[in-house]
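Just so we're on the same page: letters track the sequence lines, and every chain starts at 1.
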There are 2 protein chains.
Amino acid sequence: MAERISDAEHAVMEVLWDHAPLDAQSIYDRLSGSQSWTLATVKTLLSRLVSKDALATEAQGRKFLYRPAIERTAYVAHESGRLVDRLFGGKLSPLVAQFAESEKLSPEDIAEIEALLQELKK
Amino acid sequence: MAERISDAEHAVMEVLWDHAPLDAQSIYDRLSGSQSWTLATVKTLLSRLVSKDALATEAQGRKFLYRPAIERTAYVAHESGRLVDRLFGGKLSPLVAQFAESEKLSPEDIAEIEALLQELKK
DNA sequence: GGCGTACGATTACATTTGTAGTCAAAGGAT
DNA sequence: ATCCTTTGACTACAAATGTAATCGTACGCC
């Protein structure tokens, strides 16, 4: 488990987290907006994700339907944990501070975070 | 600029952000605690970082002193921006929510974040 | 029922990364 | 003056990654 998903592979995962199950062609179609990969490339990524047990397949006639085998939440938790550990010693507040300083915090975002924290303290 | 620093390279950068300038041997020494790399490996990483313009060197006799050529803040901002963009659509609150759910938020951390936000609203 | 075609599988290949060995030269020790 | 050591430079090589072409084959169309 947890074989490490590369950047390119991640783009494929996102499509499937949003609209699984899909066959290769449809995944390719949906990626066309953001990436200029050929169908062959997308198929390579799909195979690799299947080997990594990040995707499961289900035969539909002579094609496959692909669907995520790991939860997006788990992936996201893992990845953000990793980054926060590496860059901020595992503490979230320095990340927030960093965002604050680089002006990447919208007022709505601030409000939402505050609401979250209120909820937690309760 | 911004040649993408790998995980292993990042470990080297951290040492230098903390104690620059240092020569290769001292960097190796300081890394010995956390990594089991040989001196040769550390030297390879140093060379690569120099090519990537992430480190600058200054000759000291027949050895080099290495020091960061990019600010840790800039690096950290870039990396965390990247992750937040990829995984949370550029918004920080979902990341905080994710941390909250996985119980990775200590009370102190919460307090610090709240303080930060108070500061911002002022 | 042969034929093109659309699939997944296999193969390809350059680049990056992790991890290190070797080499030539410069200095220091004797 | 000679030899050992230390240092950066160069070379090595496997695995992962990005990106794709090709191949064998099962299907559907005529």
Determine whether the side chains of [X] and [Y] contain a donor N or O and an acceptor N or O closer than 3.5 Å.
X        : Y        : answer
Ser32(A) : Asp29(A) : no
Thr44(A) : Ser47(A) : no
Glu79(A) : Gln98(B) : no

Would you kindly give the [atom1]-to-[atom2] distance between [X] and [N], to the nearest whole Å?
X        : N       : atom1 : atom2 : value
Lys52(A) : dA16(D) : NZ    : C1'   : 7 Å
Gln60(B) : dG8(D)  : CD    : C1'   : 14 Å
Arg4(A)  : dT17(C) : CZ    : P     : 13 Å
Glu58(B) : dG8(D)  : CD    : P     : 13 Å
Asp7(B)  : dT16(C) : CG    : P     : 16 Å
Leu65(B) : dT7(D)  : CG    : C1'   : 13 Å
Lys63(A) : dT25(D) : NZ    : C1'   : 16 Å
Glu9(B)  : dT17(C) : CD    : C1'   : 8 Å

Salt bridge between [X] and [Y], side-chain N to carboxylate O under 4.0 Å?
X        : Y         : answer
Arg86(B) : Asp7(A)   : yes
Lys91(A) : Glu108(B) : no
Glu9(A)  : Lys52(A)  : yes

Residues within residues 21-49 of chain A bordering DNA chain C, heavy-atom distance below 4.0 Å: Ala24(A), Gln25(A), Lys43(A), Arg48(A)
Residue-level proximity of residues 79-88 of chain B to DNA chain C when a heavy atom falls under 4.0 Å: none
Backbone N/O of Glu58(B) and side chain of Arg67(B): donor-acceptor pair under 3.5 Å: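 Judged by distance alone, no pair lies under 3.5 Å.
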Sidechain-backbone polar pair: Arg30(A) side chain, His19(A) backbone, donor-acceptor under 3.5 Å: no
Minimum side-chain heavy-atom gap Lys104(A)-Leu92(B) below 4.5 Å: no
Identified side-chain contact (heavy atoms from CB on, under 4.5 Å) partner of Leu31(A) from the options Leu39(A), Val12(A), Thr41(A): Val12(A)
Nearest-0.5 Å distance that lies between atom OG in Ser6(A) and atom CG in Leu45(A):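 It is 6.5 Å, given to the nearest 0.5 Å.
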Dump the pairs, protein N or O against N or O of nucleotides 25-30 of chain C, anything under 3.5 Å, distances to one decimal.
none

